[in-house]
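Quick caveat, the model's predicted, so the values are computed rather than measured. Remember, it's 1-based here, ligands and their atoms both numbered in the order they're listed. Residue indices begin at 1 and follow the sequence shown.
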Amino acid sequence: MGRSGDGQTGEVRDASWRSDPVVYEWDPAHPPGSVYVHVPFCFHRCGYCDFTLVAGQDELIEPWLTALSFELDRQPERLSVQTIYLGGGTPTHLSPGQLARLLEEIGDRFRLTSDGEYSVEANPDGLSDEKLAVLAGAGVNRISLGVQSFDEQILRCLERTHSPDEAAAAVGRAAAVIPNVSIDLIFGVPGQTGSSWATTLRRAVDLPIRHVSAYGLTFEKGTDFFRRRRRGEFDLPSPEQERDFYERAMDVLPAAGFGQYEISSFARTGFCCRHNQVYWDAREYFGFGPGAARYLAGVRSTNSRNTRRWIESWLKGRPALQEREQLGPEDRAREAVMLGLRQTRGIDLERFAQRFGYTIRELSPAALDTHLAEGLLQIEPDSAGRPHLSLTRRGRFVADSIVGAFL
Ligand code: SF4
């Protein structure tokens, strides 16, 4: 179904928002090369998840698609981009027809360059061959599957609705259609043992995948897991076990050919996630959908995380924003340090100073010297002899506190 099929709410289109400058403008001299679209639907909300989504409210999918087409209209001309990323929620929770409409709405406003990366997040359950064919037919060339674990008990704890064998089968079916497959894995889950995590990693590297994201479980305020942890319901891994889990990922994945290129990301050569690298390089990008963030013309903004409010607002032709922040030159530089240090290649110090007008020493001399002296940061030349600042392997274990010191 194309945009012409949006008759349901066409009468509420309102030209007045077009004169509303807010946050959608970008510098024509430097067009952003990346697009994020948030698909806020899941079958069920997992207990640890604090993403923007509604579960079990599929009647909102059609109004959301219409609202999204209104927000996408903020991009009036069809622009070439290098990366598109559909995240969620679970984009593949949509029916094949809804997925096709979504991909068409995006394709009407953005053209992917011939060597571009088009990623879609998916879950193993419900990933039918029909949906895979719709994705591949629209040019999707990377799929990121929420596998999380190959241990049945850990999957139950995480409230995931697939089994280990179903996850492996979904990876195989996806890879047959879209060969660039990534999987997400989680460690630090209540009840998880070292041998369970080792088995998950071993099983992962035997799959036809090109990329792994390995995250430590977090307990975000407002989630069921946060409340359950406070009530003492969980048998949590100790800090030493957490450290061992991460260390094992940093040993097993590179040994199997998945080089670590970011704190949580491992890829076969040539398969780093180019879309995420846009974020870590502090480059600009478009964002659409409830809860989506964007960074355009030096302004960071985030849409309302309330999916119903976001839909209702756009059906009246009005943006629904949660936050808007104009970054000054120093804020931009500090943020670029924080993001750039996530990448194992680190930050090219000379290029950083040219781009932002500050050296990292000018920004945070104490944080730099302390962490260099403690062996948590290092300055090393790259293959061209250019000095780069990066986290050491030891520094990756405490990355959050190190990058926080530069803000
Ligand atoms: S499937 Fe993913 S996005 Fe959906 S509720 Fe679970 S963790 Fe969150």
- Message: Does the structure place the NZ or CZ of Arg300 under 6.0 Å from the centre of the six-membered ring of Tyr295, at an angle of no more than 45° from the ring's axis?
- Response: yes
- Message: Restricting to non-hydrogen atoms, name the atom on Asp151 and the atom on Ser196 that form the minimum distance, rounded to 0.1 Å.
- Response: OD2-OG, 2.8 Å
- Query: How far does CD1 of Ile360 sit from CZ of Phe352, to the nearest 0.5 angstrom?
  - Reply: 4.5 Å
- Could you tell me which atoms of ligand 1, counted from 1 in the order shown, lie closer than 4.0 angstrom to a heavy atom of Asn123? 1 (S)
- Query: Short check: any N/O/S atom of Cys42 below 2.8 Å from atom 8 (Fe) of ligand 1?
  - Reply: no
- CZ of Phe150 to CG of Leu155: how many Å apart, nearest 0.5 Å? 8.5 Å
- Decide yes or no for Glu262 and Asn276: does some side-chain heavy atom of the first lie under 4.5 Å from some side-chain heavy atom of the second? no
- Which residue supplies the protein heavy atom nearest to atom 8 (Fe) of ligand 1, what is that atom called, and how far is it? Cys49 SG, 2.3 Å
- Message: Regarding Cys46, does it place an N, O or S atom less than 2.8 Å from atom 6 (Fe) of ligand 1?
- Response: yes
- Message: Could you tell me, atom by atom, which parts of ligand 1 come under 4.0 Å of a heavy atom of Leu53?
- Response: 3 (S), 4 (Fe), 5 (S), 8 (Fe)
- Note on the structure: Per ring pair (Phe, Tyr, Trp, His ring centres under 6.0 Å), Phe286 is matched among Tyr85, Tyr36, Phe110 by Phe110
- Any idea which atoms of ligand 1 are less than 4.0 Å away from a heavy-atom of Arg160? 1 (S), 2 (Fe), 6 (Fe), 7 (S)
- Query: Which ligand 1 atoms does Gly89 reach within 4.0 Å, using its non-hydrogen atoms?
  - Reply: 3 (S)
- Report, in ascending order of atom number, the atoms of ligand 1 lying under 4.0 Å from any heavy atom of Tyr48. 7 (S)
- Query: Quick one: does ligand 1 sit under 4.0 Å from the side chain of His44, the backbone, both or neither, non-hydrogen atoms only?
  - Reply: backbone
- Query: Would a 4.5 Å heavy-atom cut-off, applied to side chains only, mark Ser301 and Tyr24 as touching?
  - Reply: no
